[in-house]
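To keep things clear, I will list the structure first and then write my remarks on it.
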Amino acid sequence: MTLSARSLALDAFRGLTVALMLFVNNLPPGAPPYLEHGPFGGSVYLADLVFPWYLLTMGAAIPFSRASALRRGVAEWLYELRILRRVVLLFLLGLGLTSLQMGRWVFALDVLQLLALAYWLGAWLYDLPLLRRTLLALFLMVAYGAAILLVPVPGVGPGIFAEDRNLLLHLNRTYLMPLGLRGLPSAIPTGAFVLLATGLGEALMKGRSLWPWGVLGLVGGLVFLPFLPPDKTYWTPTYLLPTLFLGALTLEVLKRLPRGTLRPLRPFGANPLLAYVLPLALKLTWLRGFWSLLLGTFLAHGGPAGGYLFTLSYILFWWLVFWVLDRLGLYLRL
């Protein structure tokens with residue numbers, strides 16, 4: 001398999017992630033719970049795959065980006081500055097989107113801001129040898145999980161991980177929320193996950209088997225399971241690591257498929273950042289009422305099936321938008 005074919009497989013995986021995001025973010029009323037986000041300590045539903053797979057694709061793309069910079073002779077200092085620029089721009093874009101959602105300017109950590117911090121950790125540590133990278137990522141996850149279980153919470157004690165009583169909730173409420181940094185500890189496991197995903201991306205780029213990374217994710221998740229439940233809110237290792245297994249499995253399948261079968265996923269995969277920002281931004285502004293009216297029309301005429309038809313139509317609409325952008329060569333690059 002050529003390098004371009006392996007890059008296409010990663011684009012297809014990104015496209016699949018975007019399509020999944022659009023699907024779970026626009027489910028019709030009455031959709032089964034397993035299609036949405038799971039409850040506290042039970043983040044094993046379909047929607048729970050989206051954010052970790054964004055992190056995974058971000059980490060897996062770092063080896064491709066680094067190799068491209070080396071081929072073009074980009075100086076080391078300039079490459080490091082580009083990493084920092086991407087982090088800052090992604091963080092600022094996230095602040096703008098969060099402020100749009102709140103209807104006023106706010107400084108807070110949300111999806112894109114956390115992606116920026118996680119990318120920063122993964123990209124800056126990528127130059128470490130593969131084994132050190134992997135061990136460091138696993139160490140950070142173990143340390144994060146150990147802190148949740150061992151550091152005592154005032155008035156609660158150690159070893160408590162409940163929805164309304166845990167170390168991370170205490171840190172957020174007491175110290176971080178007044179600074180607009182609620183959720184900052186999540187940068188540790190998500191950054192470690194991006195760093196871990198660089199190994200998966202390196203294996204894909206070099207044409208190696210992805211199964212070792214899938215096995216690592218599965219075994220790591222099972223090892224942590226007796227101690228911490230899988231939870232998206234606090235990014236427990238038991239939540240993140242199994243998504244590495246599922247991601248490696250999916251990528252292994254995608255890279256074996258004929259290139260023609262992957263091309264329908266390219267419009268989303270070639271523009272994943274814009275595919276996240278644009279639909280959400282428009283839903284928060286002038287298209288909000290239009291989508292609600294359209295959903296109501298589909299439900300009135302088709303019942304539950306009409307609701308799913310709306311969801312599929314919504315995905316198709318955005319696929320056409322990004323197909324046109326891809327044909328025109330218009331991408332959001334930071």
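Residue numbers run from 1 in the order of the sequence given. Note that these values count all heavy atoms, side chains included, but never hydrogens, waters or copies made by symmetry.
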Exercise for the section: Would you tell me whether Tyr119 and Arg86 have side-chain atoms, one donor and one acceptor, within less than 3.5 Å of each other? Expected result: yes

Handout entry: SB check Arg266 Asp11 (cutoff 4.0 Å)
Key = yes

Handout entry: Spacing of Met102 atom CE and Asp110 atom CG [to the nearest 0.5 Å]
Key = 9.5 Å

Exercise for the section: Report yes or no: is the cationic atom of Arg333 (NZ for Lys, CZ for Arg) under 6.0 Å from the centre of the six-membered ring of Tyr331, at an angle within 45° of the ring normal? Expected result: yes

Problem - Centroid separation Trp53 to Phe13 less than 6.0 Å - result: yes

Problem - is_close_aromatic(Phe161, Phe40), centroid dist under 6.0 Å - result: yes

Problem - Donor-acceptor pair between Asn26 and Lys283 side chains, under 3.5 angstrom - result: yes

Practice task
State plainly whether the residues Arg66 and Asp127 are in salt-bridge range, i.e. N to O under 4.0 Å.
Solution key: yes

Exercise for the section: Determine, using ring centers only, whether Phe51 and Trp235 are less than 6.0 Å apart. Expected result: yes

Problem - Arg104 and Ser99: side chain donor to acceptor below 3.5 Å - result: no

Practice task
Calculate, to the nearest 0.5 Å, the distance between atoms CZ and CG belonging to Arg182 and Leu179 respectively.
Solution key: 14.0 Å

Practice task
Answer yes when Glu80 and Arg85 have at least one side-chain N-carboxylate O distance shorter than 4.0 Å, and no when they do not.
Solution key: no

Exercise for the section: Using modelled atom types only, decide if a donor and an acceptor are shared between the side chain of Thr236 and the backbone of Asp231 within a distance under 3.5 Å. Expected result: yes

Exercise for the section: Using modelled atom types only, decide if a donor and an acceptor are shared between the side chain of Asp48 and the backbone of Gly38 within a distance under 3.5 Å. Expected result: yes

Practice task
Compare all side-chain heavy atoms of Leu200 with those of Leu196 and state whether any distance is below 4.5 angstrom.
Solution key: no

